[in-house]
Enquirer: 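Let me give you the structure first, and then I'll get to my questions.
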Protein chains: 2
Amino acid sequence: MAPSVPAQPHTELARHEAHCEDCGLNLICLPVAVDDDDLHRLETIIERGRPLQRGEHVFRSGTPFESIYAVRSGAFKTYRLTPDGDEQIMGFHLPGEIFGLGGLGHENHSNAAVALETSAVCEIPFDRVEALAREIPGLQRHMFQLLSKEISEDEQLLVLLSKRSAEERIAALMLSLSARLRRRHLSATRFRLPMSRGDIGNYLGLVVETVSRVLTRLQNQGVIEVEGKEIHILEPERLTAIAGTQVQSAGA
Amino acid sequence: MAPSVPAQPHTELARHEAHCEDCGLNLICLPVAVDDDDLHRLETIIERGRPLQRGEHVFRSGTPFESIYAVRSGAFKTYRLTPDGDEQIMGFHLPGEIFGLGGLGHENHSNAAVALETSAVCEIPFDRVEALAREIPGLQRHMFQLLSKEISEDEQLLVLLSKRSAEERIAALMLSLSARLRRRHLSATRFRLPMSRGDIGNYLGLVVETVSRVLTRLQNQGVIEVEGKEIHILEPERLTAIAGTQVQSAGA
DNA sequence: CGACAATTTGACTCAAGTCAACTAGGGTGG
DNA sequence: CCACCCTAGTTGACTTGAGTCAAATTGTCG
């Protein structure tokens, strides 16, 4: 917009993590067993975007599919529009996670992705990945694995939506978030939800009122403590019991 | 089991379709724009299995992932076990469709696949596909597309489970089956359901009683005619209206 | 022909949705 | 700095679509 503005704080931030090798997330988003040379080649195709404000889209449904994305900081949701025009959230994406795989083989994105808070992404042009995948043995397999993991997660969610009660769904989501934070060596018992109650409900197939009621019920039971978006898991075992399922660190 | 049994009828059948190029389904299951030479190379890695009886498994959850499969005839369902031990059906697979992609990058299958009626599959060893994908340009992309299509279908189903009424779900499934039969140039308005009411319910997140009730309700409304597993779609437009959604030929 | 599995139908229940009112935060502009 | 507004979240009262339980019917296969 304004090309003459001086260096912004986020530029500073971007500079700090200008290379994948320096990025603390690379073991999470790039666990390809490749040598330094391969890593460098992979790294050259990755573009680091400017920060996005809450509500800004990374891509929209129907726009040409060109890249996949890795969350650098913040959080995103991906969603698709149902025939009658309202959104269905397909997933929440935390730092180190890849999103945008849904539209992969297709001409256009079937989903849209939007920032839930101030966030940053790495953009990875897919045609370059595709070309590189033919040369770096591990990369093709890694891509297959990413896609297959996405399928597993969607199927995990299908089970949740098709068979579980409101309480079980919400417990499972809390545990999924918790596990994913743990993977990043952050607190697994105290965290801030990046999404609204409405988003949680939309994702889990529940209305906001139900989400709200279940959260207070869990709080009254002493399993968690809720204060707005701040969650404190007091009794992880009981929460796991309520979820009634081993929640994969993958999930949502 | 009994190595001395004489040539069985199905061996005869297999001989009839001993090559992909002869198989009437190849435009459906192998729409890779490859030349004859490539097709031949691809063809050499495909193994044609013996027919499977209703209830026989192609693979089970937890067994090593080695191959993906194409339905040659009959029908299959894939399912996973929920933590509390009952099954959740992830999809139904008709001739020309690929299944078994779920466990792709992983060591073991997360899902199981079982024949819904007497059926036959082509087995495609995945390591061979992987190797070949590095050489045949279109094949890698085709594999990505298959995986991504699987994701789209799961997401389609997620929308169905999270937002739709019992009537909409069942209408959508009927339309999905109808569209997939049309693609094979079979009747899109009269067909036989390969799965039980229980399977339909399991897949759509409904109990059998609800499936049964909705089917009779749709029949009373004159939208479809039901006689056991035989379905006759009398008014496709009304069924589409009830489904409330453009159902992709993909689906289920 | 039985025996068992699948399907249908009815009566009743309940978890989650709907509707509505109220409260708490989070800016914005005067 | 505060009054105001708007959105997000909570809570309560009531409704309802789909689940549960149970019984009758049909279909299937040895």
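Here is how names work: the chains are called A, B, and so on, in the same order as the sequence lines, proteins then strands, and each is numbered from 1. These numbers come from the heavy atoms of this one structure, side chains and all, not from hydrogens, waters or symmetry mates.
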Enquirer: So for the helix from C:dC1-D:dG30 to C:dG30-D:dC1, with five pairs setting each end axis, what is the inter-axis angle to 10°?
Expert: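 Terminal axis comparison yields 40°.
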
Enquirer: Which ones in residues 208-216 of chain B lie close to DNA chain D, meaning a heavy atom under 4.0 Å from one of its atoms?
Expert: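 Of all residues in residues 208-216 of chain B, the ones placing a heavy atom under 4.0 Å from DNA chain D are B:E209, B:T210, B:R213.
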
Enquirer: Mind checking salt bridge (Lys or Arg N to Asp or Glu O under 4.0 Å) for A:R60 and listing every partner two or more places apart, or none if nothing turns up?
Expert: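 A:R60: no salt bridge (Lys or Arg N to Asp or Glu O under 4.0 Å) contacts found.
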
Enquirer: Under 3.5 Å, side chain of A:R238 to main-chain N/O of A:Q221, donor-acceptor pair present?
Expert: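 Present.
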
Enquirer: Expressed in angstrom and rounded to an integer, what is the separation of A:R169 atom CZ from C:dA16 atom C1'?
Expert: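 A:R169 atom CZ is separated from C:dA16 atom C1' by 9 Å.
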
Enquirer: Which whole-number value in Å describes the distance from B:R217 CZ to C:dT9 P?
Expert: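 The distance from CZ of B:R217 to P of C:dT9 comes to 12 Å, rounded to the nearest Å.
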
Enquirer: Under 4.0 Å, counting only non-hydrogen atoms across every strand here, what does B:G198 touch: a base, just sugar-phosphate, or nothing?
Expert: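 Sugar-phosphate, no base atom in range.
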
Enquirer: Is it the case that the ring center of A:Y69 lies less than 6.0 angstrom away from the ring center of A:F76?
Expert: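 No, too far apart.
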
Enquirer: Using whole Å, report how far CD1 of A:I170 lies from P of D:dG9.
Expert: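 Rounded to whole Å, this separation is 12 Å.
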
Enquirer: May I ask you to check whether over 12 heavy atoms, not counting those of A:E237, lie within 6.0 Å of atom CD?
Expert: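 Above 12, so yes.
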
Enquirer: Round to a whole Å and report the spacing from CG of A:N220 to P of D:dT10.
Expert: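 Those two atoms, CG and P, are 12 Å apart.
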
Enquirer: By the 4.0 Å heavy-atom rule, please label B:G201 as base, sugar-phosphate, or nothing.
Expert: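 Nothing: the residue B:G201, judged by heavy atoms under 4.0 Å, touches no strand.
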
Enquirer: Can you check the B:E227 CD to D:dT28 C1' distance for me, whole Å?
Expert: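 These atoms are roughly 16 Å apart.
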
Enquirer: Ignoring the backbone of B:V207, work out which of D:dT20, D:dT10, C:dT7 is nearest its side chain.
Expert: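 From the listed options, D:dT20 comes nearest.
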
Enquirer: If I take atom CG in residue A:L161 and atom P in nucleotide D:dA18, what distance separates them, rounded to the nearest angstrom?
Expert: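 Nearest whole value for this atom pair: 15 Å.
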
